[in-house]
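The chains referred to below are lettered A, B, ... by the order of the sequence lines, with proteins before strands, and numbering in each begins at 1. Quick note: numbers below take in every heavy atom, side chains included, and nothing from hydrogens, waters or symmetry partners.
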There are 2 protein chains.
Amino acid sequence: MSGSSTMLVLEDISACGPNATGAPLDRTSAESMAVLLKAVADPARLQLLSILKQASNQQACVCDLTAPLGLSQPTVSHHLKVLADAGLVTRERRGSWAWFTLVPAQLEHLKGFFE
Amino acid sequence: MSGSSTMLVLEDISACGPNATGAPLDRTSAESMAVLLKAVADPARLQLLSILKQASNQQACVCDLTAPLGLSQPTVSHHLKVLADAGLVTRERRGSWAWFTLVPAQLEHLKGFFE
DNA sequence: TATCTATATTGACGAATGTCGATATACAAT
DNA sequence: ATTGTATATCGACATTCGTCAATATAGATA
């Protein structure tokens, strides 16, 4: 398979901002938003996003991400998969290294929800 | 005791925006942010916030919040406590009713993190 | 081929979470 | 005081989550 299990694309979150339509969030939209927020609501993943945001071209190799977090390599790999499944980062192989890149539009969606 | 177990006040999140200082998020700041995000990363609580945001004066009685969620009264009460502990809403008794009010400044903090 | 390095996956574990029914508490009104 | 209503807490349960050690896979190099 090419993509990960539950990849969220941008179009999935149709109601950008909880009050775009004037009606309260229905359960389905709320669940979509919660999936995205749960992906971010973890200290390790917030640190990963923070490091990526400051990196040049907003991308970094896994080898640069493991040490600063103080977590095991499998755990960091797991967190990166969660972020990738939520569409917040993309994965790309270069030789034997894996590079992860921020998806700013998905972060915009999160921001948009709170205004 | 007057306040709930782990009340987060605004001052607790010192680093507003992940890149306010230029340094990546340290584990402690990341954990503070995660507490706030976890409070929001749930469909029921997103619906509660959405309803409150549209209500006049951004406040509502519990009796108006239980039915739209389709969850039991204890469960809604639990979710409201989570939101209150995170400082996202405040609780106030009026007679035998409990009214909850949005704390917009705390939502601003969430928004600020993503820019 | 064999070997080394970087990353991903698996399996297991304790901890936290969302939910409910039952019960307790707070307040109002008889 | 008693009864009724609104809300909170308790106890239990299944599910999800974060973590690691062990292992598997992919790619580079010899």
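Between the side chain of B:Gln47 and the backbone N or O of A:Pro24, no donor-acceptor pair lies under 3.5 Å.
In this structure, A:Glu92 places its CD atom 16 Å from C1' of C:dA6, rounding to the nearest Å.
Under the 4.5 Å side-chain heavy-atom criterion for grouping Ile, Leu, Val, Met, Phe, Trp and Tyr, A:Val89 is connected to A:Leu36 within one hydrophobic cluster. Criterion: ILVMFWY side-chain heavy atoms under 4.5 Å apart, direct or through other members. Under it, B:Ile51 and A:Leu37 are part of a common hydrophobic cluster. Residues A:Val82 and B:Met33 are members of separate hydrophobic clusters, defined by side-chain heavy-atom contacts under 4.5 angstrom among Ile, Leu, Val, Met, Phe, Trp and Tyr.
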**OP:** Going 5' to 3' through nucleotides 17-30 of chain C, assign each nucleotide B (protein heavy atom under 4.0 Å from a base atom), S (under 4.0 Å only from sugar-phosphate atoms) or - (no protein heavy atom that close).
**Re:** -SBBBB----SS--

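Nucleotides of DNA chain D that come within less than 4.0 Å of any heavy atom of chain A span, from the 5' end to the 3' end, D:dG18 to D:dA28.
Using a 4.5 Å cut-off on side-chain heavy atoms (C-beta onward), A:Leu49 and A:Leu83 make contact. Using a 4.5 Å cut-off on side-chain heavy atoms (C-beta onward), A:Val62 and A:Phe100 make contact.
Looking at every heavy atom in both residues, A:Ala60 comes nearest to A:Leu65 through CB-CD2, 4.1 Å. Taking all atoms of both residues into account, the shortest heavy-atom contact from B:Arg45 to B:Ala39 is NE-O, 2.6 Å. Closest non-hydrogen pair, A:Cys61 versus A:Trp99, comes out as N-CE3, 3.5 Å.
Sorted by residue number, the members of residues 59-67 of chain A with any non-hydrogen atom under 4.0 Å from DNA chain C read A:Cys61, A:Val62, A:Cys63.
Side-chain contact check for A:Ser72 and A:Thr75: at least one donor-acceptor pair (N or O, by modelled atom type) lies under 3.5 Å.
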